[in-house]
Amino acid sequence: MFQAIFIAALLGAAQIFAHPVNGTAAVEITRCGTVISQEKLVAAEAHFQANKVEKSAFVHIDAVAAATVPVYFHVISKDSTTAGGNIPDSQIASQISTLNTDYAGSGLTFTLAGTTRTVNSQWFNQVGPDSSLQTTMKNQLRQGGANALNVYTVGFTSGSGAGLLGYSTFPSDYSSDPTDDGVVILFSSLPGGSTTNYNEGKTLTHEAGHWVGLYHTFQGGCSGSGDSVSDTPAEASPASGCPTGRDTCSSTGVDPIHNYMDYSYDSCMNQFTAGQITRLQSQLRTYRGISA
């Protein structure tokens with residue numbers, strides 16, 4: 001099963017924000033619960049380098065069809081109301097549009113393949129990384145193969161997911177646990193949602209970034225190979241807000257606070273680098289059979 005834990009437990013100093021959820025009491029929230037240990041990262045990168053599929057392997061495949069990612073939305077709610085997680089189709093459509101705008105330079109096109117709606121207050125409230133509940137939820141609902149992005153919207157009010165905006169699996173995890181594959185996000189982070197500063201749909205853009213093979217921009221801090229992308233400046237820790245000019249590492253370049261793989265506010269996020277696009281395209285060819 002995907003080895004994700006609450007990000008604050010790993011980083012210690014991760015930026016945490018107080019925010020009212022569902023119009024009730026304030027809880028501590030953080031952008032992402034997707035983490036990977038250094039040991040697993042080293043093994044994953046070694047496997048990637050040894051098995052990398054080059055674009056020439058896809059010369060006989062329809063490039064347009066191959067680069068289309070079917071998206072299955074699984075709406076989990078505690079009741080039938082929007083405030084209870086039953087987000088309308090219009091917000092899902094806006095989220096798909098946001099994905100396509102944010103990934104416009106990648107060669108990928110995201111299309112809504114289907115929507116399921118499940119009223120389950122336990123899943124809505126308690127699903128989180130590595131929980132048995134999320135395993136049950138995914139086993140019952142996941143659709144499609146390695147190329148299909150399954151998105152589960154929940155409330156993250158308690159348990160291992162309390163306070164998260166989202167978490168994801170990586171492409172290299174698929175073969176060992178196909179049913180775990182996908183992204184789980186806070187329902188109110190979709191465009192027009194109620195989570196202030198995180199309601200423009202960038203949470204799914206960020207988590208889908210992991211799903212296509214990208215690490216956080218602050219992976220590894222100021223040393224080592226970082227996020228395995230050469231054109232994202234090293235960053236000691238995740239950013240919060242939109243701290244223009246922030247520079248936490250002595251290496252060249254200020255922190256990539258505008259990058260979708262940092263922790264900035266949605267309004268601050270607006271870019272993937274050329275290196276990230278090259279990496280995600282290669283990860284998708286290698287692990288998901290998608291050629292962009």
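As the structure is a prediction and not an experimental result, all values here were calculated from the model.
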> Out of T203, L165, D266, which residue meets the side-chain contact (heavy atoms from CB on, under 4.5 Å) rule with T195?
Replying inline: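 Exactly one pass, corresponding to L165.
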
>> Checking side-chain contact (heavy atoms from CB on, under 4.5 Å) between V127 and each of I76, L164, L133, T136, which is the one that passes?
In response: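 Testing V127 for a side-chain contact (heavy atoms from CB on, under 4.5 Å) against I76, L164, L133, T136 leaves exactly one candidate, L133.
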
Do the side chains of [Y] and [X] get nearer than 4.5 Å, heavy atoms only?
{"X": "C32", "Y": "H210", "answer": "yes"}
{"X": "D180", "Y": "Q134", "answer": "yes"}
{"X": "T205", "Y": "M269", "answer": "no"}
{"X": "P233", "Y": "V254", "answer": "no"}
{"X": "S282", "Y": "F48", "answer": "yes"}
{"X": "I96", "Y": "T111", "answer": "no"}
{"X": "S267", "Y": "E200", "answer": "yes"}

> Got a sec, which residues hit ring pair (Phe, Tyr, Trp, His ring centres under 6.0 Å) with H47, two or more places apart in sequence or on another chain?
Replying inline: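 So H47 forms a ring pair (Phe, Tyr, Trp, His ring centres under 6.0 Å) with Y287.
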
How close do [X] and [Y] get, heavy atom to heavy atom, and via which atoms?
{"X": "R288", "Y": "P171", "answer": "NH2-CA, 3.6 Å"}
{"X": "I257", "Y": "A239", "answer": "CG2-CB, 3.9 Å"}
{"X": "Y265", "Y": "R31", "answer": "C-NH2, 4.0 Å"}
{"X": "Q126", "Y": "S158", "answer": "CG-OG, 3.3 Å"}
{"X": "S160", "Y": "P129", "answer": "OG-O, 3.1 Å"}
{"X": "Y260", "Y": "D102", "answer": "OH-OD1, 3.0 Å"}

Contacts under 3.5 angstrom, residues 81-88 side chains, donor-acceptor by atom type, not counting sequence neighbours:
unit_1	atom_1	unit_2	atom_2	d
T81	OG1	D79	OD1	2.6
T81	OG1	G84	N	2.9
N86	OD1	R117	NH1	2.8
N86	ND2	S80	O	3.0

[atom2] on [Y] to [atom1] on [X], rounded to 0.5 Å:
{"X": "Y215", "Y": "S228", "atom1": "OH", "atom2": "OG", "answer": "5.5 Å"}
{"X": "Q283", "Y": "I290", "atom1": "CD", "atom2": "CD1", "answer": "11.5 Å"}
{"X": "S194", "Y": "N199", "atom1": "OG", "atom2": "CG", "answer": "7.5 Å"}
{"X": "S189", "Y": "Q95", "atom1": "OG", "atom2": "CD", "answer": "6.5 Å"}
{"X": "K138", "Y": "W123", "atom1": "NZ", "atom2": "CH2", "answer": "12.0 Å"}
{"X": "T30", "Y": "F156", "atom1": "OG1", "atom2": "CZ", "answer": "11.5 Å"}

>> Strictly by disulfide (SG to SG under 2.5 Å), give each pair with a member in residues 98-142 just once, sequence neighbours left out.
In response: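 Every candidate disulfide (SG to SG under 2.5 Å) pair involving residues 98-142 fails, so no pair, neighbours aside, qualifies.
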
> Who are the side-chain hydrogen bond (donor to acceptor under 3.5 Å, both in side chains) partners of D247, not counting sequence neighbours?
Replying inline: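 D247 satisfies side-chain hydrogen bond (donor to acceptor under 3.5 Å, both in side chains) with no other residue.
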
>> Please enumerate all residues that pass side-chain hydrogen bond (donor to acceptor under 3.5 Å, both in side chains) together with T248, with sequence neighbours excluded.
In response: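 Once residues adjacent in sequence are excluded, the partners of T248 under the side-chain hydrogen bond (donor to acceptor under 3.5 Å, both in side chains) criterion are D255.
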
>> Does the Lys NZ or Arg CZ of K202 fall within the cation-pi geometry relative to Y198 - under 6.0 Å from the ring centre and within 45° of the axis?
In response: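 Verdict for Y198: no cation-pi partner in K202.
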
Side chains of [X] and [Y]: donor-acceptor distance under 3.5 Å anywhere?
{"X": "T34", "Y": "E207", "value": "yes"}
{"X": "S237", "Y": "R246", "value": "yes"}
{"X": "D181", "Y": "T169", "value": "yes"}

> How are the rings of Y263 and H216 set relative to one another: parallel (under 30°), tilted (30 to 60°) or perpendicular (over 60°)?
Replying inline: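 Answer is perpendicular, since the angle exceeds 60°.
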
Is there a path of hydrophobic side-chain contacts, each under 4.5 Å between heavy atoms, that joins [X] and [Y]?
{"X": "Y72", "Y": "L284", "value": "no"}
{"X": "V212", "Y": "L112", "value": "yes"}
{"X": "L190", "Y": "V75", "value": "yes"}
{"X": "Y174", "Y": "L108", "value": "no"}
{"X": "I185", "Y": "I92", "value": "yes"}

> Has the side chain of T286 got a donor or acceptor atom that lies under 3.5 Å from a matching backbone atom of V53?
Replying inline: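 Yes: the side chain of T286 pairs with the backbone of V53.
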
>> Tell me whether S97 contacts the main-chain N or O of A93 through its side chain, where contact means a donor paired with an acceptor under 3.5 Å.
In response: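 Absent.
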
> Under the salt bridge (charged side-chain N to carboxylate O under 4.0 Å, His left out) rule, what pairs show up with a residue in residues 104-113, not counting sequence neighbours?
Replying inline: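 Not a single pair qualifies under salt bridge (charged side-chain N to carboxylate O under 4.0 Å, His left out).
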
>> Applying side-chain hydrogen bond (donor to acceptor under 3.5 Å, both in side chains) as the test, list every pair that has at least one member in residues 146-155; sequence neighbours left out.
In response: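 Matches after skipping sequence neighbours: H74-N150.
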
According to side-chain contact (heavy atoms from CB on, under 4.5 Å), who are the partners of [X], at least two apart in sequence or on a separate chain?
{"X": "S251", "answer": "A234, C249"}
{"X": "E39", "answer": "S37"}
{"X": "T232", "answer": "D227, V229, N259, T273, Q276"}
{"X": "Q281", "answer": "I277, R285, A292"}

>> Once ring pair (Phe, Tyr, Trp, His ring centres under 6.0 Å) is applied, what residue pairs with a partner in residues 76-121 remain, sequence neighbours excluded?
In response: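 Residue pairs with at least one partner in residues 76-121: Y103-F110, Y103-F272.
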
>> Between K40 and D173, is the salt bridge (Lys or Arg N to Asp or Glu O under 4.0 Å) condition met? List the steps.
In response: CA-CA 11 Å; K40 184 178 179 182; D173 294 319; 3.0 Å; yes

